[in-house]
Amino acid sequence: MVSVGLHALVSRNHKGCDLTEQPTAWENQTNNQWVRKRTMGRKTSKKHAGVNADHTVESVSGGNADDNNRSHKDKKTTHVPQTSFLRKQIDPETAKYFAEIANAIEGTEIDPEERSVICGNALEETRGKEAELATDYIISHTLQTLLEGCSLDHLCSFLQSCAKNFSHIAADRSGSHVVETALKSLSFHLQDNENHSLIEHALKKICKAIVVNPVDIMCNCHGSHVLRSLLCLFKGVPLEEFHSTKSSVGLAERLNLKAPHAKDNVSLQSVQIFPSLLKKFVSEMLNAASEDISKLQMNQYSSLVLQTVLKLLAGNEQELLHLIRVLLGSSAGNANTGNLLEGITIRNILRLVEETAYSHLMEAILEFAPETLYNELLTKVFRKSLFRMSSHHCANFVVQALASHAKSQDHMDLIWEELGTKFRDLFEMGKFGVVVSVLAATQRLHSHEHECCQAIAAAVCTGDEFPKCIIPRILFLENFFSLRDKSNWSWPHGTKIHVVGSLILQSIFRLPSELIQVYVTSITSLEEHHVLEASKDPSGSRVIESFLNSNISGKQKRKLVAKLRGHFGELSVHPFGSFTVEKCFTASNLNLRETIVSEMLPLQPELSKSKQGPYLLRKLDIDGFARQPDQWKSRQASQQSALKEFYATFGPKETKSFEKESFLADTVSKSKPGKLKDIRKEIETTLASAKTSNTPFLAHQVSKKVRRSKDEKKRHRKDGESESKRKKIKV
């Protein structure tokens with residue numbers, strides 16, 4: 001429990017303090033210990049907040065497949081001067097008081113209710129001195145602790161008291177952390193609807209203070225981060241969760257390698273904590289900054305704020321349309337004319353997309369723009385300029401976004417018209433991301449898929465080497481195109497496989513097999529040691545797996561799997577190769593499966609210690625093979641036979657080739673589909689005997705569907721019997 005002295009400490013009044021009093025030796029020692037003890041993970045470097053504010057650039061505007069870094073190549077950033085703010089010196093008595101509060105709270109276990117009272121009383125002592133205390137490096141840490149432990153009333157009271165100097169506090173390195181802690185604490189109280197009115201009142205007061213001069217706080221590295229946290233609070237989502245998606249995830253979604261996080265977008269649109277306050281605040285902030293739009297377009301920190309606003313307004317088409325038109329620099333007079341952009345605006349946009357901050361902003365605009373505006377941007381602004389933009393180290397990201405967010409096949413036609421014949425030029429310039437974004441767009445919209453595959457193949461391989469060299473050169477895109485004499489290029493042993501090259505091939509192997517036969521020929525022509533090296537590479541193994549997962553014939557897959565014969569053991573204990581082994585097993589016939597398991601058998605101890613090993617031991621039933629090889633073969637054959645007969649009976653037309661491509665095709669003679677009852681018995685027997693071998697999900701589906709079919713058959717039989725009885729009665 002807290003001592004009586006502490007209660008007296010937190011409730012004392014500072015009136016009558018001598019401001020000229022110097023700190024005692026004890027106070028100096030206490031403060032020094034406080035500096036060492038309470039760092040809260042905050043760096044003292046001046047660059048700290050810049051990193052913090054710029055951390056989510058890619059996550060807001062989406063990941064990019066290009067390796068070029070805009071921030072390093074383009075340093076043209078507009079800095080807006082801020083109003084000077086002279087912070088008053090903190091009197092020694094106040095410093096001593098908060099040091100004692102910090103020591104008391106830190107080292108003592110306190111009842112939550114009592115802690116809330118202590119924190120609230122201590123916050124009352126900050127009244128009138130919020131700016132000085134929040135911007136003090138040492139005391140700001142104490143304030144963060146107090147704001148985390150106080151009640152909602154004291155929290156809102158503190159924020160309202162800060163409103164007068166909110167912009168100055170938010171723009172300070174230490175003060176920004178205090179304000180963000182307060183906003184984060186507010187978000188925890190949003191779960192109770194009864195608190196909304198009190199929180200909204202405090203937020204309105206802060207918003208009024210910000211809109212007086214929003215440009216300064218938007219263009220400040222610390223202030224922009226605070227402002228984004230405030231905007232996210234209107235949606236009831238903390239900034240960390242709002243931008244929690246990794247850039248790699250955004251990239252995977254752009255390239256169709258992962259389903260879009262529609263759930264997140266729906267949840268953002270459905271959560272409406274303070275929708276009217278958000279719209280009003282954004283509107284007033286833009287009105288106040290109307291004369292400085294050009295500054296906001298060019299500043300990296302204000303660009304982040306505007307990207308956040310765009311994402312928060314997703315689903316509100318009218319508000320988005322108005323905001324985007326303002327950010328594009330278009331006048332309000334064209335809103336209902338069907339001509340949203342003016343000639344001067346078009347020329348200005350083409351110039352601005354070559355700037356780092358604005359290119360990020362344009363990516364977000366293209367992602368969230370309504371279709372009418374996207375169509376006008378593509379047809380009136382960027383058309384006939386796509387290749388020139390693709391050649392620029394900043395503007396090429398805008399072209400990637402244009403392709404990634406194309407809405408129709410007509411849009412894809414325009415993009416393909418300008419870029420379809422330029423793939424080799426783009427590869428040589430190192431703009432690999434543009435090509436892979438166009439490829440993903442052709443797949444998503446089912447337009448120009450075959451032409452795109454042909455263009456990529458022609459860009460990397462021509463003449464007598466075609467098509468054998470296609471796969472190796474795409475795997476090492478950067479290495480191949482960095483050479484002047486490409487005719488003497490060979491597989492660079494020991495070099496990491498290019499990530500974008502891997503993504504291109506993964507996308508290609510998801511296409512129908514008839515469109516990618518040259519790629520199939522190329523990958524099955526690889527040398528054995530090249531296949532082994534690729535299987536051990538994090539990017540190369542993904543390519544092998546995507547090929548084995550594709551709808552290409554089983555014969556072609558087994559041709560590639562056979563090249564790894566003699567190496568399955570070493571691959572199974574490799575962190576990346578182990579995934580390849582699993583795919584090889586699934587695609588193999590019975591003889592190859594037996595080979596794979598036989599090579600893994602001596603490595604059981606090593607497999608049990610590796611990360612993927614225990615799963616492989618269960619999935620491939622290594623122990624069952626070691627004990628009774630004949631029964632293991634019988635189980636494997638039975639599983640596949642049951643699936644084959646099921647597909648023959650119930651499968652759609654496109655699965656007729658299943659029997660020919662199954663691993664039993666060259667080891668087991670064809671058998672006619674049995675009766676439903678026999679199939680069910682066989683499947684149930686298979687499941688019972690294969691429980692320890694992690695039976696695939698499809699086998700369970702087989703059992704359920706067969707059972708359902710039998711129930712339907714019984715029902716029809718009963719209906720038939722009842723119908724015959726009714727006929728007899730009539731007779």
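Keep in mind it's a predicted model, so treat the numbers as computed, not measured.
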query: Can you list the residues that meet the ring-ring contact (aromatic ring centres under 6.0 Å, His included) rule with Y358, with sequence neighbours excluded?
result: none
- request: Can you sort out the partners of K204 under side-chain contact (heavy atoms from CB on, under 4.5 Å), two or more places apart, ordered by chain and number?
  value: E200, L277
- request: Quick one: list whatever passes ring-ring contact (aromatic ring centres under 6.0 Å, His included) with H196, sequence neighbours left out.
  value: F274
Within-4.5 Å side-chain heavy-atom neighbours: I90 and F98: no
message: By the definition side chain to side chain contact (heavy atoms under 4.5 Å, CB included), identify the one residue from V305, L327, L306 that meets it with L296.
response: L306
- request: Answer yes or no: is there a side-chain heavy-atom contact under 4.5 Å between V215 and N299?
  value: no
- request: State, with a plain yes or no, whether a side-chain heavy atom of F397 is found less than 4.5 Å away from one of V353.
  value: no
message: How close do L146 and I101 get, counting heavy atoms only, and between which atoms?
response: CD2-CG2, 4.0 Å
query: Between Q144 and T181, does any side-chain donor sit less than 3.5 Å from a side-chain acceptor?
result: yes
Main-chain N/O of E355 paired with S359 side-chain donor or acceptor, under 3.5 Å: yes
- prompt: Taking the side chain as C-beta and beyond, is there a heavy-atom pair between C207 and E284 under 4.5 Å?
  reply: no
field: Heavy-atom closest pair, residues S176 and A170
entry: CB-O, 3.3 Å
task: Could you tell me the separation between the OG atom of S437 and the CD atom of Q400, rounded to the nearest 0.5 Å?
output: 4.0 Å
- prompt: Just checking, any donor-acceptor pair under 3.5 angstrom between side chains of Q307 and S303?
  reply: yes
- prompt: Would you call R383 and L378 a side-chain contact if the rule is heavy atoms closer than 4.5 Å?
  reply: no
- prompt: Between Q409 and D413, do the side chains contain an N or O donor and an N or O acceptor separated by less than 3.5 Å?
  reply: no
- request: Using atom types as modelled and distance alone, determine if a side-chain donor or acceptor of T126 lies under 3.5 Å from a backbone N or O of A122.
  value: no
- prompt: When you check the side-chain N and O atoms of E180 and S229, is any donor under 3.5 Å from an acceptor?
  reply: yes
- prompt: So, are E371 and K407 salt-bridged, with charged N and O less than 4.0 Å apart?
  reply: no
- request: May I ask you to check whether T94 and D91 show a side-chain donor-acceptor distance below 3.5 Å?
  value: yes
- prompt: Using the ring of each side chain (for Trp, its six-membered ring), is W416 parallel, tilted or perpendicular to H448, with breaks at 30° and 60°?
  reply: parallel
- line: Sorted by chain and number, sequence neighbours left out, side chain to side chain donor-acceptor pair (under 3.5 Å) with S151 holds for H154
message: Please enumerate all residues that pass salt bridge (charged side-chain N to carboxylate O under 4.0 Å, His left out) together with E449, with sequence neighbours excluded.
response: none
query: Below 4.5 Å, heavy atoms only, C-beta onward: do I349 and M362 meet side chain to side chain?
result: yes
Residues which pass salt bridge (charged side-chain N to carboxylate O under 4.0 Å, His left out) with R388, listed by chain and number, not counting sequence neighbours: E354
message: Could you tell me if H222 and D172 have a donor-acceptor pair between their side chains, going purely by distance under 3.5 Å?
response: no
statement: Output for pair (N220 CG, Y301 OH), nearest 0.5 Å, gives 8.5 Å
